[in-house]
Protein chains: 4
Amino acid sequence: AESALLEIGRPTLVPPLPSAHKYSRGYVLVAGGAMAGAASLAADAAIRAGAGYVALAGPEHGEGPLALVQRLAVDPRTLADLLADERVDVAVAGPGLGLNDKAEARLESVLAAGKRLVLDADALTLIAKRGAETLAGLDAPPILTPHEGEFARLFGDISGNKVERAREAARRSGSVIIYKGNDSVVASPDGRAAIAPPAPSWLATAGTGDVLTGIAAARYAATGDPFEAACEAVWLHGAAARMAGPFLIADDLIEALPRALAACL
Amino acid sequence: AESALLEIGRPTLVPPLPSAHKYSRGYVLVAGGAMAGAASLAADAAIRAGAGYVALAGPEHGEGPLALVQRLAVDPRTLADLLADERVDVAVAGPGLGLNDKAEARLESVLAAGKRLVLDADALTLIAKRGAETLAGLDAPPILTPHEGEFARLFGDISGNKVERAREAARRSGSVIIYKGNDSVVASPDGRAAIAPPAPSWLATAGTGDVLTGIAAARYAATGDPFEAACEAVWLHGAAARMAGPFLIADDLIEALPRALAACL
Amino acid sequence: AESALLEIGRPTLVPPLPSAHKYSRGYVLVAGGAMAGAASLAADAAIRAGAGYVALAGPEHGEGPLALVQRLAVDPRTLADLLADERVDVAVAGPGLGLNDKAEARLESVLAAGKRLVLDADALTLIAKRGAETLAGLDAPPILTPHEGEFARLFGDISGNKVERAREAARRSGSVIIYKGNDSVVASPDGRAAIAPPAPSWLATAGTGDVLTGIAAARYAATGDPFEAACEAVWLHGAAARMAGPFLIADDLIEALPRALAACL
Amino acid sequence: AESALLEIGRPTLVPPLPSAHKYSRGYVLVAGGAMAGAASLAADAAIRAGAGYVALAGPEHGEGPLALVQRLAVDPRTLADLLADERVDVAVAGPGLGLNDKAEARLESVLAAGKRLVLDADALTLIAKRGAETLAGLDAPPILTPHEGEFARLFGDISGNKVERAREAARRSGSVIIYKGNDSVVASPDGRAAIAPPAPSWLATAGTGDVLTGIAAARYAATGDPFEAACEAVWLHGAAARMAGPFLIADDLIEALPRALAACL
């Protein structure tokens, strides 16, 4: 059931219908943790990428536009309560989550919420401990966004080229994999796979992965298709990087997102 | 006493007179509550829309320009004291107010203040419990800004088309109604009614209603006529949305307001 | 000893000498108080107007660029200690100071510091209680920036036109007076007086006076001449308002200052 | 072993390789202290100047882009733990460090970390007490950035012109010296020395030195050569100042950095 390898190109995005409201455009909840900055980057990217409602729920307030809804969630129980809201479409965990017991408990709340998920960073490290195959039972395939090191932690050494490794990882984990790098690869457990054109090497700077995660969450909420969402996110992330120019920092990507998105209308 | 249906067009705004001072241009007090972000959006919009003095009075500090006056008002008594200032022209309640007992008490302070009011969001939900007709006894007609769901909560099912429903709601509640949506309708208890040209569907995102509320408050303070103010606010909100462009977030509307306002001089 | 009435025109500012350092360009200390926003506006305006070093010393942190030095000064004793630094050129009190006993004590520290002073807002109200003539004994003439109401509180009813009243007020108080309004007048106890061209009426909005105070402080520190500084500040303030355009808020003036200043090189 | 005096010109910077990741582009840790603003300026400059990962570790949170990693380090032991991370390339101490016992202890942690160092401001004052020659034993030559006063405190009166004094100071302290001023001089203990073209006198304003320190740290992390890094930092700092224009403040330099850097590609 392996499809041909696609090349990721500019997606076509559609304006909201006249009847749209904020929740119909997607409610993304970002679970914060030890580091408010990283979670804020993901949340800000999600709202900039077109999610209609984004809440950042962590033990302290983050930073972002006023349109970002900040909810204090000091203990994982509060996080679970917020996730129980049926309007939540996609939950994000990983950026700034931390690796201690509290982080484990937060991740547990997210995994148990029955939502579409985007998992990154510390969430991947924590999942590696219990085995990536434990994700296969989720209601909908989550999107995982490992870089090289996280991929190795999650999947050990899979043989083959990067595309083959991504496909195998997607299969094992029942997840859509964005295997990051200069030549990011996206693979779905349903056999679809795609490769991105080379991204600017200026992306090698702190927080750019958190931004990708936020974009992927917004697109997952908008489309409901994790593979499509992942491909769109990779393209938008690369386009924003080209627009942000040399010596970019992660914040610049978020600022460039509206232009990258407008190029897809 | 039903007037012809007007179409909302670009308003004509006048520069302040040489003798103007900050209070003569309007003092808007925004009552904050559970969510500082939403109240901040309303307050920032009010100051950007030309109110000469805007105070945000809530249990925690909000965010905004330095020109925004932030007053801590942890308990409703303090809020009432601030509202007792005779220079206050318009009070706003609703954005981020919350729905618990404290929110009730804050709303009570606002309703009892004898000021012109703009009521939105959580305030509308709380008022629905006691009946929209309870607003009819206020000194001046308040502006209410319900979306579809809030309208239903406030007025149950009124028969007729959107304009007819808005007119009937205005009559029952003695309030100017901005019945929001892609095709917003404004109706006054004195029989005036107007319909807005279609607004960009990009407005379907968190916080844009809070911005409309702030604009309405500034214009109500400037003109003293709640129907005029409501129509102007709807036009300015739509114009700011067109200027902000696709994938706008609520903060972008506030940034675009000066250009929208300048187009009315 | 009354000079002819001057008309305030564009000042000529000079770049720092190659040998300049931050303190030689002027150290301005702004005493904060009850309202951090107003004091921040004054401090931010001072640093933007070319003071080499600006400290904001109040009971809580204010907001501003990172170049603004924030010093907690919860009690007036700490404020006095900071003012004892011989590098401080100009001290500012008034914006956001408050009117209670603590405010009185802070003002006392400022008056006792032996520095050049710029006094505004709440400081003027507090000084009115003890009599404006008490300022005549200061080491250097302070700059006072009363609007109509503050002028009346400070000087009661002086007969004559605005220029005559300003001249008399300057004489009585031994202070340079910026008698604010659409047609601001500056008068010095040494007999000099000047009138400003009409300023945009858009200045009638909260916090614009705080910005004027900050500019005056920076220019007083730079020139050592309070009359010159006051005239320059009034011109720069008006120019920034013209550049900021209609519906300006106080923050916009600070943003426009670099352009207004550059026009004077 | 004295080389000819070089003139500092525009450096040539290279884009990251496709294989780059955030840590390979340099991990800079800035030790904060008494004044969060100064340390934030250094950290923000470092991340804007191309360091792939910048952490600000102080007793309170600083300000900066979301990409800046903020770590609370209330006691020096925590700072030492953060510095023990082998991925840290360059540590910065001085801006906003303070001069009390806690500052001493923080500096001790930095000096003992075995990292490349950039030392400025309060760190230089503290080192002057123990003698600049105590730096000669460090694993790698630190970069010191004294202005005239700090130079005198560190090295007493060395005879000769500014270049000769810088060379002698570099020799004694085993450090690369950026001897700041309108005509900054860079000298290395290996005999290299260079002089900068005159910088805009507008740099005489609070915090510009902190920005230089941050740039130097980023370049030291990128190149591993403290003399090259120091020369590049001086050039970039001057170029950013020219781009920021008259009446610049330190924050403007950081904003101008991307353009200054892009001019070197």
Contact class of [X] relative to chain A, heavy atoms under 4.5 angstrom:
X	answer
D:Pro258	neither
D:Leu257	neither
D:Leu261	both

Quiz item: Does anything in residues 42-56 of chain D get under 4.5 Å of chain A by heavy atoms, and if so which residues?
Solution: D:Ile47, D:Arg48, D:Ala49, D:Gly50, D:Ala51, D:Gly52, D:Tyr53
Self-check item: Ion pair check, A:Asp183 and A:Lys162, cut-off under 4.0 Å
Solution: yes
Quiz item: Are the side chain of A:Thr78 and the backbone N or O of A:Val74 linked by a donor-acceptor pair below 3.5 Å?
Solution: no
Quiz item: Parallel, tilted or perpendicular for A:Phe151 and A:Phe155, by the 30°/60° rule?
Solution: tilted
Quiz prompt | Aromatic ring pairing D:Trp202/D:Phe247, orientation class (parallel under 30°, perpendicular over 60°, tilted between) | solution = tilted
Self-check item: Working for side-chain hydrogen bond (donor to acceptor under 3.5 Å, both in side chains), residues D:Arg25 and A:Thr205
Solution: CA-CA 8 Å; D:Arg25 290 186 67 201; A:Thr205 185; 4.5 Å; no
Quiz prompt | Residue part contacting chain D, namely of A:Asp252, when any heavy atom lies under 4.5 Å | solution = side chain
Practice problem: List the atom of A:Arg242, the atom of A:Pro200, and the distance in Å for their closest heavy-atom pair. | Solution: CG-CG, 3.7 Å
Practice problem: Using the six-membered ring of D:Tyr27, assess whether NZ or CZ of D:Arg87 lies under 6.0 Å from its centre and within 45 degrees of the ring axis. | Solution: no
Going by atom type alone, with no hydrogens or angles, which donor-acceptor pairs under 3.5 Å involve a side-chain atom of residues 91-102 of chain A and a protein atom two or more places apart or on another chain?
residue, atom, partner, partner atom, Å
A:Asn100, OD1, A:Lys102, N, 3.2
A:Asn100, OD1, A:Ala103, N, 3.0

Quiz item: Which of the residues D:Pro15, D:Ser19, D:Ala20 is involved in the greatest number of heavy-atom pairs with chain A at under 4.5 angstrom?
Solution: D:Pro15
